[in-house]
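Following: one structure in structure tokens, then a few remarks.
Both ligands and their constituent atoms are indexed starting at 1 by order of listing. In what follows, residues are counted from 1 in the order of the sequence shown. Excluded from the calculations below are hydrogen atoms, water molecules and symmetry mates; all remaining heavy atoms, backbone and side chain alike, are included. Since the structure is predicted, the reported quantities are computational estimates derived from the model, not experimental observations.
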Amino acid sequence: MREFDTIAAIATAIGEGGISIIRLSGDKALKIASSIFKGKNDRPLNNIKPYTMRYGHIIDKETEEILDEVIVSYMKAPRSFTSEDCVEINCHGGVFATNRILEEIIKNGARNAEPGEFTKRAFLNGRIDLTQAEAVIDLIKAKTDLSMKSALLQSEGRISKEINGLRQRLLGVIAHIEATVDFPEEDLEEITSKQVSNNLREIINEIEHLLATADEGKILREGLNMVIVGKPNVGKSSLLNSLLMEKRAIVTEVAGTTRDVIEEYININGIPVKIIDTAGIRETEDVVEKIGVEKSKEKINEADIIVFMLDSSRNLDDEDKEIIEYIKDKKYVVLLNKVDLNKKLVLDELSGLNMENIMDISAKTGEGIDKLKSKIKDMFFSGEISATDVMITNSRHKEALYKSKERCVAALNTLDMGISIDLASIDVRSAWMDLGQITGETLEEDIIDKIFSEFCIGK
Ligand code: GDP
């Protein structure tokens, strides 16, 4: 079957790079590669262990001419990008040699891959869903850090998670309506209608929230929510000031509250970070008494990442210990501040925490601040921490969300007018289908082909 024959393509950008990679995927990937590979001391390729590499040469089978010196790696199905057997041949860049190798592969039984076909296979084999496949396109094309980040989040499946949650709830609504229609004698209609209306309103709200993230103007509202907690005088405002002092600090005005509040964003190695409750930090003088453990816990719960600051020239007290206990299963960095002074703090008392997330700094001299930043960056890009909001950047997703919302509104109107509730269920079902288009569960074939044709060859 054409869908699953063995395909090959040059996966790296064509040009004079240091190396090029030719990718093969399909049942015969290893067999084909082995047939044109000549290992050192004639070691064959076909007994290569999965997830290892082998050094050798690719030869023209007819003339035995060496085409290039290569390293070949093997990823066994289903644990590969496409979920099929995959072989990657790393050769020495250069358009000519790379193309010759690809030709030789085709001659020996593979077919040239269409644009996006590797990713399409990953989708067809059920390894990724459609939003994740699209994220691959976006990642390839991403121009700014932020769109890159959004693509990364998406590829982790966060949009799908959100959409699946909404679909699940719509399904609940449908089931609820159907159960009522099945038992007309019980006179449940009115109660059901009310509950269903409430559910629909909530769902509409959430769709609107997702749609709002599609407006570029709100891009900066994305980003990580960070909270800095710690007892008075440990050095929180000093840290904040030195983070804000960076020229790239971004200050935006956010309207919409009773009085306009200024939210400050700092740019930590390209990631916009919003510090929760900067006012609370800066005004510690007046509110020393007020910021107790309880208040800290509240702030901790709002945050994507917690920066807990201790004064290393003092010993821990009960309040510190309580906070440590509270954050230990959350995402945190613990700063032992004032390392320029004599250390009193006993490290053993922090044994419940992950040592990798504990850092010495001095907010006063600036020591350790760069390390703190790269730590946050690493946590972000490894996916350990992420912003609570997902962002819709793909216009296809936006359109599907919009349609789905319209259907929900129509269902809501039907219910409000007191028309029989099974009519509303038709619209709810359409809303459910519309959302399914985003993840690919209710998608037609031609749209799938259109999406994958946007890829470049080799992806
Ligand atoms: P906050 O109450 O947690 O916001 O703490 P502040 O930032 O206001 O700092 C309290 C005091 O500690 C100030 O006098 C700071 O100058 C001082 N301080 C802050 N960080 C350091 C540091 O790293 N080393 C030293 N020696 N003093 C610091």
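- Close approach of ligand 1 to Asn233 (heavy-atom distance below 4.0 Å) involves ligand atoms 1 (P), 2 (O), 3 (O), 5 (O), 10 (C), 12 (O).
- Listed by number with element, the atoms of ligand 1 under 4.0 angstrom from any heavy atom of Pro232 are 2 (O).
- Checked against side chain to side chain donor-acceptor pair (under 3.5 Å), Lys343 has the following partners two or more places apart in sequence or in another chain: Asp360.
- Residue contacts with ligand 1: Gly235 is placed with a nitrogen or oxygen under 3.5 Å of a nitrogen or oxygen of the ligand (distance criterion only).
- Close approach of ligand 1 to Lys231 (heavy-atom distance below 4.0 Å) involves ligand atoms 3 (O).
- Which parts of ligand 1 touch Ser238 is read off a 4.0 Å heavy-atom cut-off, strictly below it: atoms 6 (P), 7 (O), 9 (O), 15 (C), 19 (C).
- Qualifying side-chain contact (heavy atoms from CB on, under 4.5 Å) partners for Asn205, counting only residues two or more places apart in sequence or in other chains: Glu208.
- Both the sub-6.0 Å distance and the 45° axial angle are satisfied by Lys330 relative to the ring of Tyr326.
- In this model, no donor atom of one side chain and acceptor atom of the other lie less than 3.5 Å apart for Ser160 and Thr439.
- Distances shorter than 4.0 angstrom do not occur between any heavy atom of Gly230 and any atom of ligand 1.
- Figure legend: Arg54 and Tyr74 shown without cation-pi pairing, the cationic atom not lying both under 6.0 angstrom from the six-membered ring centre and within 45 degrees of its axis.
- The Leu341 neighbourhood of ligand 1 comprises atoms 26 (N), with distances under 4.0 Å to a heavy atom of that residue.
- Every atom of ligand 1 is numbered from 1 in the order shown, and the set under 4.0 Å from a heavy atom of Ser362 is 22 (C), 23 (O), 24 (N).
- In terms of polar-atom proximity, Ser237 is counted as a contact of ligand 1, with an N or O under 3.5 Å from an N or O of the ligand.
- Across Ile177 and Ile421, no two heavy atoms sit closer than the pair CG2-O, 3.6 Å.
- Taking only nitrogen or oxygen atoms, main chain and side chain alike, Ala363 reaches within less than 3.5 Å of ligand 1.
- Phe81 carries Arg23 over the face of its six-membered ring, with the cationic atom under 6.0 Å from the centre and within 45° of the normal.
- The parts of Val234 lying near ligand 1 are both backbone and side chain, judged by heavy-atom distances below 4.0 Å.
- With hydrogens and angles disregarded, no donor-acceptor distance shorter than 3.5 Å links the side chain of Lys364 to the backbone of Asp340.
- Within the 4.0 Å heavy-atom criterion, the part of Asn337 lying near ligand 1 is the side chain and not the backbone.
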